[in-house]
**Student:** 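One structure, as structure tokens, below. Some questions next.
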Amino acid sequence: MPYNVDAIFQIAGIGIIVAMIHTVLKQMGKEEYAHWVTLIGFIVVLFMVVVLVEDLFQTIKNVFLFHS
Amino acid sequence: MELLSGWLKQIVILVLVATFIDLLLPNNSMERYVKLVMGLLIIMAILSPLFQLVRQDLNLTNLAFEQAGNEESRLASLSAIRQNSEKLKNQRERMVREEAEKRMARMIGSKLEAAFDLEVVQARVKIQKGQTKGSPEIDEVFLTVIPEGEKKDTPAIQPVDEVDPVTIGGSRKQNGQPRDKPSAEEKAWRKKITRFLRNALQLKDEQIKVEILEGDRGR
Amino acid sequence: MEIIQVVGLGLVATFLILVIKEQKPVFAFLLATFTGVVIFLSLVGKIADVIGILTKLAEKARVNSIFLETVLKIIGIAYIAEFGAQVTRDAGQGSIASKIELAGKILIMVMAIPIITMMIETVVQILPT
């Protein structure tokens with residue numbers, strides 16, 4: 001069960017921090033930097049999710065379709 | 001009775017599996033479809049004796065889906081590939097050995113001809129098997145030679161000697177037990193050649209088989 | 001007590017998503033996907049056990065392996081299609097979600113086609129006699 005449970009908090013933390021930075025940068029009047037930060041944070045989180053989904057697909061393949 | 005019990009077992013297990021799967025399934029959007037397919041499968045299982053009765057050639061594997069067939073064929077071909085590679089490797093090894101034997105035989109023949117006053121009719125070298133790397137070790141050397149003086153006396157025999165290999169098969173026995181009348185000359189030749197080869201190739205005496213042919217007494 | 005772990009994980013994830021959704025809905029969506037996958041992966045081992053037992057039983061009873069393989073493939077297709085459809089629907093793409101479900105249904109029906117074909121052929125063979 002303790003399968004990457006920490007990663008959930010990591011994702012949430014990244015989200016909150018990115019939102020904070022975004023707000024701060026917006027307040028400072030640097031809109032483009034704010035967008036870049038959001039994009040980078042999104043890519044990092046997306047990478048984590050994609051790795052896990054790939055794992056999921058492999059597992060389903062092993063368990064159901066090829067019953068090895 | 002055996003048939004009946006197998007048939008019943010099959011149906012029971014299939015119904016059990018179907019029930020489990022109904023429970024395992026996610027939301028109900030797929031449920032109808034899965035139920036239809038499971039129902040078809042169960043009907044198949046119930047009717048399978050009838051099918052076998054009607055069609056002797058019934059073979060479920062023919063009905064298998066393309067993926068399954070592909071997988072099977074790929075697996076089969078994998079083992080076939082392994083076998084093939086083994087075969088090819090053996091063949092290559094054998095060819096390499098034969099080539100090496102041929103070259104060594106030619107080399108020994110030319111050296112002997114250069115060193116002594118004779119003609120080498122046939123030279124064969126046997127290389128030890130299982131020797132893949134490093135320098136190959138010579139197992140045996142078969143030689144069939146004609147001393148130069150006698151060859152000139154009997155030119156007509158010459159082609160026969162070449163066509164009909166002397167040393168194959170019978171040669172070993174012939175070499176093992178001395179021929180009916182080994183003349184002193186022959187013995188001297190044999191000794192000379194053996195000594196030469198022993199020094200040149202670092203072989204033992206029993207690894208070198210020499211046969212002296214003399215025109216009229218050939219065989 | 002796996003169920004408590006799963007429920008706790010779900011609750012925590014839900015709270016976090018509620019917090020993030022205000023600022024960044026994209027991150028909330030990714031977090032939801034992640035949580036779903038984690039929960040499923042934690043349960044897939046149990047499903048594999050059940051399926052392994054069923055397979056062993058079927059092998060002992062000499063059930064034709066084609067039947068079992070078909071059934072397993074059907075469940076696998078159903079699970080994956082369901083997962084994809086739910087994730088897309090969460091992201092607000094209802095049309096894509098229904099297309100994924102359609103694909104799952106069609107693929108399941110394709111599994112049944114060889115069986116139907118064989119039954120019809122047999123019936124046709126029986127009838128003239």
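Side chains included, hydrogens not; waters and symmetry mates left out as well; all remaining heavy atoms used. Proteins get letters first, then strands, A, B, ... in listed order; numbering begins at 1 in each.
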**Student:** Contact between F83(C) and V87(C) at the side-chain level, heavy atoms closer than 4.5 Å - yes or no?
**Tutor:** yes
**Student:** Does atom NZ (K21(C)) have a neighbourhood of more than 12 heavy atoms from anything else shown, all under 6.0 Å?
**Tutor:** no
**Student:** Would you compute the distance between atom CZ of F42(A) and atom CZ of F27(C) and round it to the nearest 0.5 angstrom?
**Tutor:** 7.5 Å
**Student:** Checking heavy atoms, do the side chain of I20(C), its backbone, both or neither come under 4.5 Å from chain A?
**Tutor:** side chain
**Student:** Give the member of I14(A), I16(A), V45(A), V53(A) that has the highest number of heavy-atom pairs under 4.5 Å with chain C.
**Tutor:** V45(A)
**Student:** Considering only heavy atoms, which portion of T23(A) lies under 4.5 Å from any heavy atom of chain C: side chain, backbone, both, or neither?
**Tutor:** neither
**Student:** For the residue pair L41(C) and L52(A), establish whether any side-chain heavy-atom pair is separated by less than 4.5 Å.
**Tutor:** yes
